[in-house]
Amino acid sequence: MSHPAHDHRDAADHPAGDSREHGTVVLETGGLQWASQQSTVTAVLKRRPGVLEVETNPVAQTATVVFDRERTSLAELRRWVTECGYHCAGQSVPAHICDPLTDPGRTSAERAAGRPGERRPAEPGVPAGAGETRPPREAAGRGGHGETSMAAMVAGMRNRFLVAVLFSVPIVIWSPIGEEVFGLHAPVPFGLRQDVWALLLSLPVIFYSCTVFFGGAVRALRARTLDMMVLVAVAVGSGWLYSLIVTLTGGGEVFYEAATVLAAFVLLGHWFEMRARGGANDAIRTLLDLAPPGALVVRDGEPAEIPTAEVVVGDLLLVRPGAKIAVDGTVEEGESEVDESMVTGESLPVHKGPGSEVIGATLNANGTLRVRAGRVGSDTALAQIVQLVQEAQNSKAPGQRLADRAAFWLVLLALTGGLTTLGVWLLLTDRTFGAAMLFAITVVVITCPDALGLATPTAIMVGTGLGAGRGALFKNAAALETSAGIHTVVMDKTGTLTKGEPEVTDVITTQEPGEDALLRLVTAVERESEHPLAEAVVRHAEDRAVVAPSAGGFENVPGHGATAVVEGHRVAVGNRRLAEREGVDLGPLAARREELAATGRTVVIVCVDGRAAGLIGIADAPRETSAAAVRELHGLGVEVVMLTGDNRATAERIARRLGIDTVIAEVLPRDKAARIAELQRGDRKVAMVGDGVNDAPALAQADLGIAIGAGTDVAIETADLVLMRSDPLDVPTALRIGRGTLRKMRQNLGWAIGYNAVALPIAAGVFEPAFGLVLRPEIAALSMSGSSVVVALNALALKRLRLPGSGGQA
């Protein structure tokens with residue numbers, strides 16, 4: 001199988017140096033507790049020399065970094081992430097950088113000399129940044145640092161919330177709100193003043209629960225950016241400091257309860273939000289859990305179990321029935337059925353024998369195999385798939401790029417709006433400073449852009465993960481968004497809509513012998529031939545359980561067919577020239593032959609003892625799911641076009657059978673891209689589906705290039721979407737995922753923007769004089785956090801999307 005994950009970015013996007021010197025790495029950025037904090041990591045890394053692109057994903061806690069290997073290294077990238085206040089354990093999965101243990105330039109002995117699993121400095125000749133040797137499972141899978149980091153953050157957020165609640169409740173009980181709203185008149189303990197008692201109770205909240213806000217604000221300001229941490233820190237800190245000053249000076253209104261309850265509600269909302277968005281990364285965790293922890297390697301003639309991380313290229317693996325294959329390789333001994341569904345999505349087991357390629361993490365069903373390791377570590381298909389999915393999840397949709405820029409200005413607007421609100425209430429009304437401060441704090445809190453930051457990353461993660469589970473690998477968010485607007489799908493015929501191998505479609509006989517009798521004679525002859533058409537006839541006979549006798553006197557007639565003696569009969573099987581050579585008149589079969597030929601079939605003439613005995617029609621048969629794929633595409637309102645170099649009669653026969661709208665036949669490979677361009681006129685979005693080298697220009701020309709099945713490296717490199725299976729039904733599946741994801745992205749962005757537009761004037765007290773409508777900071781915090789939770793849960797609802805062949809909901 002070809003590797004789907006390549007650095008397919010255009011060199012024009014990276015002006016500094018040769019694009020071949022660019023590396024792509026997925027770094028863990030543990031500690032991104034708020035969506036808007038992604039701007040801190042992005043801002044810090046983008047200012048570093050050699051960093052070309054940064055895409056940060058707060059949901060996955062990772063960042064995809066494209067960098068110049070000549071100017072920086074992986075070690076420096078890690079250090080920079082750590083310097084801006086986040087921990088960086090290295091790559092969350094092996095990326096495109098060569099590793100010293102897997103570098104193809106080294107021998108197996110040299111690779112084995114190292115201690116697998118350790119990080120080491122880059123060796124001479126190894127690209128800068130190498131040194132991460134952990135397999136995918138250890139790097140970020142079950143028990144890996146990526147998942148542990150998120151779990152620790154969720155637990156930490158819960159603990160901070162519990163502490164805030166524990167101390168906020170008594171603060172409220174002994175506050176003016178407790179008396180006015182709840183009618184509580186409990187005496188203050190120890191004879192303290194109410195404000196002093198509230199101050200003491202607030203200390204654990206401020207100096208434990210709220211340190212996450214203050215630390216995050218410092219990181220953002222050091223990175224010369226603004227995010228939600230700044231807003232919450234300003235809101236909580238200003239309220240608490242104002243109350244502290246009032247307490248120390250001995251006069252005025254305090255609102256410790258507002259500061260602490262505000263902190264509690266923010267922590268509660270983001271605890272729920274983090275738990276919700278944690279489910280968005282299920283696809284990556286599922287993929288990573290596929291990798292087996294160990295492998296049986298034959299050394300000195302005996303199998304020895306070693307960790308998968310220690311398998312090197314050239315090792316001979318013993319794979320017993322029911323065991324997973326540890327790495328990609330080639331079968332040297334044994335035969336078995338291998339379940340590849342967990343990696344490729346192919347539902348049926350695939351037969352493997354000597355010389356067959358096998359994929360790591362697939363399941364050996366019923367036979368014992370000896371497999372020579374060919375690709376290990378970051379080179380395996382599983383690691384490449386994980387890498388591709390992570391890069392897609394970290395990429396930005398066009399709408400999110402605008403939202404990210406808007407988030408910075410929204411924070412600035414919140415801070416400015418808070419100061420303006422404070423000034424207006426003080427200058428134009430007779431309200432106290434404390435009352436004006438509450439309005440200002442509410443404005444700052446309600447305008448937090450966290451929901452805006454989560455709007456599309458969560459939807460993209462769920463969408464790309466949903467696709468990966470069905471073997472549809474989107475290379476980036478732009479491809480996901482483009483797939484939602486496709487008007488026309490152009491499909492190559494051979495290998496895409498059809499199986500790409502000849503198949504018997506018709507068997508026509510004269511009165512004597514019958515069909516099975518004719519097949520016995522023909523199969524006896526064709527079994528001796530190596531021609532693809534002969535193989536098709538033999539397969540057809542085997543499917544019908546026809547047992548062929550032995551043939552004698554076999555003679556291959558180049559360009560004509562073959563002859564042999566079978567059970568005393570001279571049997572000639574071939575084309576019309578062979579019939580003429582044998583002096584056979586087709587008689588009534590001549591008209592039937594012309595009919596079959598006119599529909600694009602290849603016709604094999606069977607002559608027995610000098611007379612025409614029958615005809616066999618052979619054609620490239622459609623795949624079992626091709627017709628269903630066309631129906632699904634029509635259900636989406638998409639036009640389906642067949643583009644092929646085959647003759648028109650053959651193409652139209654397939655098109656009629658499948659219900660395809662338009663046929664473009666007899667097209668030379670070099671002209672396919674021009675035909676795609678013609679279809680794109682009038683702003684129509686066109687997707688091209690192909691699997692070969694000659695499809696690469698058309699894939700590049702199309703708005704969405706789709707490489708189907710085990711396509712060539714060139715086709716996969718050019719495509720925007722890789723379908724792991726050779727199943728046309730995955731095309732409408734991918735388009736449905738794209739449409740569903742785009743719908744969720746728009747819903748989330750609309751909610752986030754609409755929420756701020758409605759809530760901001762209410763928070764500022766615009767409607768208080770006329771309607772008495774106000775928001776306290778605590779309620780604003782709950783509303784703001786609830787908005788983020790709504791966005792995360794709405795994106796997770798995408799998992800219920802109905803897909804072709806699935807039982808999901810619409």
Side-chain angles (χ1 to χ4, degrees), residues 5 7 9 14 16-32 37-38 40-57 60-106 110-111 113-141 144-146 148-149 219 222-223 309-310 376-379 383-384 386-387 390-391 394:
D7 193 353
R9 298 169 179 81
H14 313 304
D18 190 337
S19 63
R20 291 172 297 180
E21 298 302 321
H22 298 161
T24 302
V25 63
V26 179
L27 293 171
E28 182 186 341
T29 52
L32 284 176
Q37 285 183 290
Q38 61 182 309
T40 304
V41 175
T42 303
V44 169
L45 290 179
K46 276 191 172 181
R47 287 197 290 266
R48 300 296 184 176
V51 175
L52 306 174
E53 286 184 11
V54 182
E55 300 284 9
T56 309
N57 189 332
Q61 302 280 299
T62 57
T64 299
V65 183
V66 181
F67 64 99
D68 187 343
R69 293 193 182 106
E70 297 296 322
R71 301 174 63 196
T72 189
S73 67
L74 177 58
E76 288 182 301
L77 294 175
R78 287 199 198 105
R79 179 170 56 82
W80 292 334
V81 170
T82 304
E83 283 178 358
C84 68
Y86 303 96
H87 57 79
C88 181
Q91 295 163 271
S92 58
V93 295
H96 296 157
I97 307 169
C98 286
D99 185 88
L101 288 185
T102 58
D103 178 14
R106 306 178 74 210
E110 289 172 327
R111 295 188 189 101
R115 291 183 61 193
E118 291 187 352
R119 294 194 198 112
R120 295 172 308 284
E123 300 175 9
V126 178
E132 184 67 47
T133 67
R134 294 174 298 162
R137 181 186 179 93
E138 294 183 9
H145 194 72
T148 304
S149 172
R219 295 172 194 164
R222 285 175 57 191
E310 297 184 12
V376 301
S378 61
D379 290 332
Q384 297 281 341
V386 171
Q387 174 74 12
Q390 278 201 322
E391 287 187 18
N394 287 1

Any idea which heavy atoms bring [X] and [Y] closest together, and the distance?
X	Y	answer
P49	T72	O-CB, 3.7 Å
A223	A43	O-CB, 3.9 Å
E76	R71	OE1-O, 4.1 Å

>> Consider side chain to side chain contact (heavy atoms under 4.5 Å, CB included). Of V41, T62, L77, which one does L27 pass it with?
In response: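 When V41, T62, L77 are each tested with L27, the side chain to side chain contact (heavy atoms under 4.5 Å, CB included) holds only for L77.
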> Are any non-hydrogen side-chain atoms of W80 and V51 less than 4.5 angstrom apart?
Replying inline: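 Side-chain contact under 4.5 Å: yes.
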> Is the shortest heavy-atom distance from the side chain of V65 to the side chain of T24 under 4.5 Å?
Replying inline: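 V65 does not reach T24 side chain to side chain.
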>> Using a 6.0 Å cut-off, check whether atom CZ of R47 has over 12 heavy atoms from anything other than its own residue.
In response: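 Above 12, so yes.
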